[in-house]
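Notes to accompany the following structure.
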Amino acid sequence: MSAVLHNIAAPVAPEPAPAPAPEKPARSERIAAKGITLESGSVRMRPFVMKYLPPLLGLAMMVLAWQILASKNSSFPTPWATWEEAVKMFSDPFYRKGPNDQGIGWNVLASLKRVAMGFGLAAVVGIPLGFIIGRFKFMYGMFSPIISLLKPVSPLAWLPIGLLVFKAADPAAIWSIFICSIWPMIINTAVGVQRVPQDYMNVARVLSLSEWKIITKILLPAVLPYMLTGVRLAIGTAWLVIVAAEMLTGGVGIGFWVWDEWNNLNVPHILIAIVVIGVVGLLLESALVTLAKAFTYEEVEN
């Protein structure tokens, strides 16, 4: 009994305190331990800034130079005055008040119609002719001096010939577009055909493929990037030529509209037309770049 009382009276030893849990590392340390590097906000914004900041700065510099020029020449409109005229003009771009008084929208559409007709005819003639010239040495020797002689001629030099032959301004303008658009298509297509590896042609000869199969199965896929490059060059040249041709031939069109506004001394409208011409040309170029990317495996750059 005394032994039991002795055990009860003896002090109980305290239990050892639990060991503190290891401190959890910070989230950034855990991510770094996995080999992952987080970019800061400024680093993530850098591609966006580098993409849009330089063009915006370029436009700002152009507007500043425009404003300085306008401040030194009272007859030259300021950017703000031109903007106000543009707002009025584009509030109703498709009005009609007579054959020679139409909105800028109708004039742009008329020019695009002429470009489409001349450019389409050039494609129908120039691309097959490029295949023939690049495919056969005899045809290359026959057409090479003709192309070398006529390609450097200014497109506007062909306008009087068009007026003489067609006896009308509209077909003459289309003829000028046709003759200036056909050379890039012929040359680029012919170069593409000539650069097809000879091994491909040897295989076609061994398999006794017909000329049609050689063109559709071998030449066309290989030549397509060159052909689309020629089309891009041609559409840019065609849009340049139509403006100058319409200034000389008259009628409805963006070129004639610019010349008519100059006769009226309406400089703000001329500046607006210059911007419209540039935007339309940019859209045409972008559309063809998109088309080229869709049909080729190579990266197409502006």
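Note: hydrogens, waters and symmetry copies are ignored here, and every other heavy atom, side chains too, is used. Owing to the predicted nature of the structure, the values given are computational and were not obtained by experimental measurement.
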Checklist entry - Cluster question for you: counting only ILVMFWY and a side-chain heavy-atom cut-off of under 4.5 Å, with indirect links fine, are Ile274 and Phe90 together? => result yes

Next on the checklist: Please say yes or no: joined through hydrophobic side-chain contacts below 4.5 Å, possibly via intermediate residues, are Met227 and Ile218 part of one cluster?
Outcome noted: yes

Is the closest side-chain heavy-atom distance between [X] and [Y] below 4.5 Å?
X	Y	result
Glu85	His269	yes
Trp158	Leu163	no
Ile270	Asn266	no
Phe178	Val125	yes

Donor-acceptor pair, [X] side chain versus [Y] backbone, under 3.5 Å?
X	Y	result
Ser111	Ile254	yes
Asn73	Ser75	yes
Ser286	Leu283	no
Trp106	Arg96	no
Trp262	Val258	no
Ser91	Lys88	yes

Next on the checklist: List the residues meeting side chain to side chain donor-acceptor pair (under 3.5 Å) with Tyr95, not counting sequence neighbours, and say none if there are none.
Outcome noted: Asp101

Checklist entry - What pairs with Glu84 under side chain to side chain donor-acceptor pair (under 3.5 Å), at least two apart in sequence or on another chain? => result Trp80

Item to check | Straight-line distance of Met185 CE to Phe119 CZ, nearest 0.5 Å | outcome: 3.5 Å

Checklist entry - Measuring from Ile182:CD1 to Thr237:OG1, what's the distance to the nearest 0.5 Å? => result 13.0 Å

Checklist outcome for this item: The side chain to side chain contact (heavy atoms under 4.5 Å, CB included) partners of Leu112 (sequence neighbours excluded) come to Val108, Trp239, Val280, Leu284

Next on the checklist: Could you check whether atom CH2 of Trp183 has more than 12 heavy atoms from other residues, nucleotides or ligands sitting under 6.0 Å from it?
Outcome noted: yes

Item to check | Gln67 and Thr78: side chain donor to acceptor below 3.5 Å | outcome: no

